[in-house]
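Quick notes on the structure that follows.
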Protein chains: 2
Amino acid sequence: MSHFPFQRLQADLAALISKTRAGDRLPSEPDLAKQLGVSRATLREAMRTFETQGLIHRRQGAGTFVVGQVPVMDAGLEMLESLDTMADRLGLEVSVSDLHVDGIPADKDHAAALAVPPSSKVTRVRRVMRADGRPVAYLVDCLPEEVLKPSQLPASFKGSVLDFLIDRGDRLTVSRAAISAIDATAEVAKPLEIQRGDVLLQFTSQLYNSAGKVIDYSSSYFIPGYFHFHVNRRVGG
Amino acid sequence: MSHFPFQRLQADLAALISKTRAGDRLPSEPDLAKQLGVSRATLREAMRTFETQGLIHRRQGAGTFVVGQVPVMDAGLEMLESLDTMADRLGLEVSVSDLHVDGIPADKDHAAALAVPPSSKVTRVRRVMRADGRPVAYLVDCLPEEVLKPSQLPASFKGSVLDFLIDRGDRLTVSRAAISAIDATAEVAKPLEIQRGDVLLQFTSQLYNSAGKVIDYSSSYFIPGYFHFHVNRRVGG
DNA sequence: CAGTGGTCTAGACCACACG
DNA sequence: GTGTGGTCTAGACCACTGA
């Protein structure tokens with residue numbers, strides 16, 4: 001028996017997953033832990049890696065399922081386009097769920113990013129993007145109320161704030177996105193159906209109009225494995 | 001007593017950390033777990049969040065220390081520059097440690113990225129970048145042997161492959177970087193002095209010369225909190 | 001309802017740092 | 001050696017799913 005349970009366990013799990021048909025359920029965690037000769041805690045730690053890669057999906061009360069080939073969205077970062085538009089361009093099917101639109105008072109973060117007074121009203125739009133029925137991104141947009149009131153969004157709103165603004169005729173120029181990697185908090189883990197502590201790619205963006213004013217402050221959380229973002233960087237001046 | 005130990009624990013830990021002077025040691029994990037009324041496993045789970053944010057640093061055998069204000073490297077992604085150059089521009093002190101240069105046979109990944117035959121020789125350069133003495137990034141460059149032999153690197157090599165190539169007169173044009181978020185594997189966790197499973201921002205880059213040939217394939221791993229990468233995205237065509 | 005994954009506990013052993 | 005963080009175990013209770 002190896003003295004490094006975790007490494008061996010990773011290999012054993014990889015073998016098990018690869019020989020399980022997509023969509024099928026793995027044995028329950030207690031059973032699997034017994035089979036592989038480790039405790040359930042260790043097993044779960046190892047499973048987190050495979051969930052991050054999008055190879056398995058765990059559903060409380062239901063089980064752990066092997067996930068089939070994932071549709072990957074590959075996009076450059078030079079251009080800003082909505083995930084909807086991106087999916088269209090790539091010929092992928094995406095859907096939106098858990099759409100919530102509300103008005104909230106600006107907190108310090110909003111006030112600084114949007115250049116509005118603290119406690120002024122901002123419109124918040126939250127939703128989950130799904131590909132193949134599985135959550136792949138969680139998006140939160142915040143806009144000053146004078147740019148967008150919750151009531152202005154039509155019943156037919158399909159989830160893309162960017163596309164809505166463009167269609168409405170707003171003159172948008174550029175978006176500045178900060179890129180980071182984070183642990184999922186409980187708030188974003190729940191809609192994305194992942195675990196708190198799972199790894200996410202985060203974009204925090206400010207969208208400018210032609211007057212140079214920030215009209216949208218958004219946080220986007222992407223589950224790794226479903227997206228391939230890339231950027232071309234020039235060398236020298 | 002709250003029914004949500006984790007949330008309360010996060011708040012308690014945050015309070016403890018904020019009132020501890022930078023550089024001081026926190027109580028040991030068993031002591032702290034007892035103080036806060038949770039098990040050590042739960043405590044460690046919560047601590048991971050603060051370590052990701054760079055607020056604390058855990059050293060096996062020594063203790064957990066509160067980290068002072070971190071020097072942040074803020075950089076756009078439109079231009080490719082070495083971390084050395086970036087640090088200079090920002091007036092920050094960085095150092096290189098754990099420099100390893102070796103020649104290895106190309107694996108499938110190298111062969112595909114560098115467009116060289118499998119098992120042909122590639123030169124690999126690995127090193128850790130430190131700011132304020134703390135590891136902040138782990139960098140691995142792989143170059144075909146005909147571009148760079150291990151013996152060609154001078155003893156004075158200070159860690160930047162990009163700067164070396166530029167100084168040598170290589171005509172470089174553009175770098176294509178793929179951006180991802182990953183769990184730290186054991187291999188990168190060790191040099192970065194973090195835990196396996198901690199979150200990292202990863203850039204995987206191909207550097208092109210003016211002939212359109214890939215001459216460097218690199219993987220860069222960044223600890224979140226020390227870097228603010230951003231990109232400006234144009235709207236529309 | 002039984003069974004699943006999500007969380008927490010108490011305790012153990014190890015490798016490592018430091019005096 | 002002593003004490004630290006790193007890891008693993010065995011068991012418990014909970015929330016949720018689905019028949």
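In what follows, every chain begins at residue 1, and chains take the letters A, B, ... in the order their sequences are listed.
- Listed pair T64(B) / dT4(D) fails the phosphate criterion, with no side-chain N or O lying under 4.0 Å from OP1 or OP2.
- Distances from the side chain of S28(A) to the nucleotides dC8(C), dG5(C), dT9(D) place dG5(C) closest.
- dT4(C) atom C1' lies 13 Å from atom NE2 of H57(A), rounded to whole Å.
- Comparing atom distances between the S39(A) side chain and each of dC18(C), dG5(D), dC8(D) picks out dC8(D) as nearest.
- Between the P atom of dC13(D) and the CZ atom of F6(B) lies a distance of 23 Å, rounded to the nearest Å.
- Atom CD of Q7(B) is separated from atom C1' of dG6(C) by 14 Å (rounded to the nearest Å).
- For I194(B) and dG5(D), the CD1 to C1' distance is 15 Å, given to the nearest whole Å.
- Here F203(B) and F222(B) bring their ring centres to under 6.0 angstrom of each other.
- In this model, no side-chain donor or acceptor of Q60(B) finds a partner on the base of dA17(C) within 3.5 Å.
- L207(A) is listed as a side-chain neighbour of L80(A), based on a closest heavy-atom distance under 4.5 Å.
- Between P30(B) and A41(B), the residue anchored nearer the 5' end of DNA chain D, judged by the nucleotide with its closest heavy atom, is P30(B).
- A close approach under 4.0 Å does occur between a side-chain nitrogen or oxygen of R196(B) and OP1 or OP2 of dC8(D).
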**Prompt:** Would V136(A) and F227(A) satisfy side chain to side chain contact (heavy atoms under 4.5 Å, CB included), going step by step from the backbone distance to the final call?
**Reply:** CA-CA 8 Å; V136(A) 295; F227(A) 294 90; 3.9 Å; yes
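- In this structure, the NZ atom of K34(A) is 14 Å from the P atom of dT9(D), given to the nearest Å.
- Side-chain contact of T52(B) with T49(B): a donor-acceptor pair under 3.5 Å is absent, judged by distance alone.
- Between the CD atom of E29(A) and the P atom of dC16(D) there is a distance of 17 Å, given to the nearest Å.
- Residue-to-nucleotide proximity on DNA chain D shows that, of Q195(B) and R25(B), the 5′-proximal contact is made by R25(B).
- Rounded to whole Å, the distance from CD on E193(B) to P on dA17(C) is 9 Å.
- Nucleic acid contact class of R40(A) (heavy atoms, under 4.0 Å, all strands): base.
- Straight-line distance from the NZ atom of K190(B) to the P atom of dA15(C): 13 Å, rounded to whole Å.
- Under the 3.5 Å distance criterion, the side-chain polar atoms of D132(A) are left unmatched by any main-chain donor or acceptor of R134(A).
- Of all nucleotides listed (dA17(C), dC8(C), dG5(D)), dA17(C) comes nearest to the side chain of A62(B).
- G197(B) comes within 4.0 angstrom of no nucleic acid atom, judged by non-hydrogen atoms across all strands.
- Distances shown here put every side-chain N or O of R44(B) at or beyond 4.0 Å from the OP1 or OP2 atom of dG5(D).
- Note on R59(B): only backbone sugar-phosphate atoms sit closer than 4.0 angstrom, heavy atoms only; bases stay farther off.
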